[in-house]
There are 2 protein chains.
Amino acid sequence: MLETLPKRKIRDVIAERLKSHIVSEGLVPGDRLPNETELAEQFGVSRLSLREATKALEFLGIVESRTGVGLSVGHIDMDRVTSHLGFHPALHQADPLPLIDSRIVIETGVLPHVAKRMAEDPSIHENLQGIVDRFRSARKLQQWIDLDIEFHRTLLDASGLSPLVAFSDLLQVFFRQFRDSVKTAEWKSGIASHQRIVDCLQDGDVENAVAELRDHIGSHKRRMKVQK
Amino acid sequence: MLETLPKRKIRDVIAERLKSHIVSEGLVPGDRLPNETELAEQFGVSRLSLREATKALEFLGIVESRTGVGLSVGHIDMDRVTSHLGFHPALHQADPLPLIDSRIVIETGVLPHVAKRMAEDPSIHENLQGIVDRFRSARKLQQWIDLDIEFHRTLLDASGLSPLVAFSDLLQVFFRQFRDSVKTAEWKSGIASHQRIVDCLQDGDVENAVAELRDHIGSHKRRMKVQK
DNA sequence: AGGATTTAGATTATCAGACAATCAGATCTT
DNA sequence: AAGATCTGATTGTCTGATAATCTAAATCCT
């Protein structure tokens, strides 16, 4: 029997159909959707079932609903998703090695793009250097961590490959588990490491920048092993 | 006045309280939660409002509900979240070039991992070679396209970096639009290209495999430009 | 007694119908 | 014309009910 598939709930089906409707119609954030009763009829379900689907989607920011106005396509942002997810205990159970390696692949992979754009746009170097400078005046661990996140995000962003930026934001959530393991003693080496990455990029020395970044992110691996 | 904050919906408040309940009680995935009626009373709202909150959380995988059993803390996974990521505006942008470049970054980035694992596990090479062989007997365009997708997915999968596999699956959706532009004349060169990638990997020649793959995916770029 | 089957209770899934709250635009007033 | 008001549309929330599903206890057969 192949019928043992977990029976899909109505709302999941509806949510799926609503999503593909948005995609297939090429709707963009802000575009209006039909009202609840209309959609319910269209999908052949009760208004309540449709509501459960839209409310779930709204929770993610995929749709927006305003009282007295109606439904519209929402402006999804990863912050919203990550803030909902960040706390979840299951995230602390994910196998960390593939996560680390995935991050290495993405971040080192964008460096050639970054170097290229940096050569054309001086403000990119300024931004990165500015973050590194602020590292030096960080007094608390939390500050350091926040700056670290900002540095890597800025780096990704400088590549112009926004799909990877979005994915990296997501990955960052799963990295929360490592943040706490950063030792105060690692600050100094971390700052120097960031500085070297920026310098290499500025010189167009992609190869060394990659090596440095690989080692920088890979340091999480070593810390993991020690813990175990 | 601080009261100008957008009025929070009941379900959002409830969702928040439910989350903090999970945290404060230190619950882990699989742990049972009180039933809907009980929770509704506890929070002082109707069962329906509570339901909208739990359904939204369930959509994210934060809680699970099974008919006849009840609610429990959910097992969240990367794939689930990634599938929602599909709605991120970054992926919907009109410009396809960042999409192509993102794919190049990911697929070339995993090749070292693939080569490494291939040296230890002969079945990986067999799988890839098997797909390439099937390419040769493909008669219809659709067959060719399906095999192409399967080839790249198998390649990613062989890296063992499941987060990237999930993300690549997502990107694949947005690549559908290019697939139709594949010309029949390109079959032959495509097959040869795939074969070279497999051969290089088998020889441990990662460098050439990367170059080949970069060119392979990059061919979409050229096709795009011609169209414009 | 022991194992298989049935039944009962609990729980979620879905529905229908109603009323309140809110908002955008039309209408009325000055 | 400008502002205040009204109105219809739409979502927000509630109550109550029925169906579907699962767990576990009760029952039955051997």
Side-chain angles (χ1 to χ4, degrees), chain A residues 1-19 21-22 27 29-76, chain B residues 1-19 21-22 27 29-76:
Chain A
M1 285 281 276
L2 294 176
E3 306 302 330
T4 38
L5 297 172
K7 190 177 182 184
R8 303 196 63 189
K9 310 290 164 58
I10 285 190
R11 62 168 171 284
D12 290 330
V13 180
I14 300 301
E16 210 56 50
R17 288 179 63 182
L18 199 52
K19 285 209 296 184
H21 175 260
I22 293 175
L27 301 182
D31 285 355
R32 292 290 302 272
L33 292 168
N35 66 38
E36 291 185 350
T37 24
E38 208 166 310
L39 281 173
E41 277 180 25
Q42 198 170 316
F43 290 135
V45 298
S46 79
R47 188 187 150 207
L48 183 60
S49 293
L50 177 114
R51 244 181 101 76
E52 290 194 348
T54 60
K55 292 309 117 182
L57 292 176
E58 185 179 1
F59 202 67
L60 282 173
I62 292 174
V63 306
E64 275 173 15
S65 81
R66 278 180 304 162
T67 315
V69 180
L71 298 171
S72 53
V73 179
H75 305 73
I76 193 175
Chain B
M1 282 283 276
L2 294 175
E3 306 301 331
T4 38
L5 297 171
K7 189 177 181 183
R8 302 197 63 188
K9 308 291 163 58
I10 286 190
R11 62 169 173 282
D12 290 329
V13 180
I14 299 302
E16 211 56 49
R17 289 179 63 181
L18 200 51
K19 285 205 302 182
H21 175 260
I22 293 176
L27 301 180
D31 284 355
R32 293 290 301 273
L33 292 170
N35 67 40
E36 291 185 350
T37 351
E38 208 166 311
L39 281 174
E41 278 179 24
Q42 197 168 318
F43 290 137
V45 298
S46 79
R47 193 188 144 208
L48 182 60
S49 293
L50 177 113
R51 239 181 106 76
E52 291 196 345
T54 59
K55 293 310 118 184
L57 291 176
E58 185 180 1
F59 200 66
L60 271 174
I62 292 174
V63 306
E64 276 174 13
S65 82
R66 278 180 304 163
T67 315
V69 180
L71 298 170
S72 53
V73 180
H75 304 72
I76 200 168

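Residue numbering restarts at 1 for every chain, and letters A, B, ... go by the order of the sequence lines.
Shown for residues 35-45 of chain B: residues whose heavy atoms fall under 4.0 angstrom of DNA chain C, namely Asn35(B), Glu36(B). Residues from residues 48-66 of chain B placing a heavy atom under 4.0 Å of any atom in DNA chain D, listed by number, are Leu48(B), Ser49(B).
By the side-chain contact (heavy atoms from CB on, under 4.5 Å) test, Arg66(A) is found to be paired with Val69(A), residues two or more places apart in sequence or in another chain being considered. Partners of Ala15(A) under the side-chain contact (heavy atoms from CB on, under 4.5 Å) rule, at least two apart in sequence or in another chain, are Ala53(A), Leu57(A), Phe59(B). Every side-chain contact (heavy atoms from CB on, under 4.5 Å) that Leu48(B) has, sequence neighbours left out, goes to Leu48(A), Ser46(B). Applying the side chain to side chain donor-acceptor pair (under 3.5 Å) rule to Thr67(A) yields no partners; only residues at least two apart in sequence or on another chain are considered. For Thr37(A), the side chain to side chain donor-acceptor pair (under 3.5 Å) partners are Asn35(A), not counting sequence neighbours. For Asp31(A), there are no side chain to side chain donor-acceptor pair (under 3.5 Å) partners two or more places apart in sequence or in a different chain. Shown here are the side chain to side chain donor-acceptor pair (under 3.5 Å) partners of Arg47(B), two or more places apart in sequence or in another chain: Glu36(B). For Glu64(B), the side-chain contact (heavy atoms from CB on, under 4.5 Å) partners at least two apart in sequence or on another chain are Ser72(B), His75(B).
The distance from atom CD1 of Ile14(B) to atom C1' of dC14(D) is 14 Å, rounded to the nearest whole Å.
Remark: Ser46(B) is in phosphate contact with dC14(D), judged by side-chain N or O atoms under 4.0 Å from OP1 or OP2.
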Quick one: which protein N/O atoms are closer than 3.5 Å to N/O atoms of nucleotides 4-9 of chain C? Pair and distance per line, please.
none

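Taking the side chain of Val69(B) as heavy atoms from C-beta on, and the options dA21(C), dT13(D), dT23(D), the nearest nucleotide is dT23(D).
We find that Glu58(A) and Lys55(A) are joined by a salt bridge, their nearest charged nitrogen and carboxylate oxygen being less than 4.0 Å apart.
Each ring pair (Phe, Tyr, Trp, His ring centres under 6.0 Å) pair with one or both residues in residues 31-58 of chain A, not counting sequence neighbours, would appear here, but there are none.
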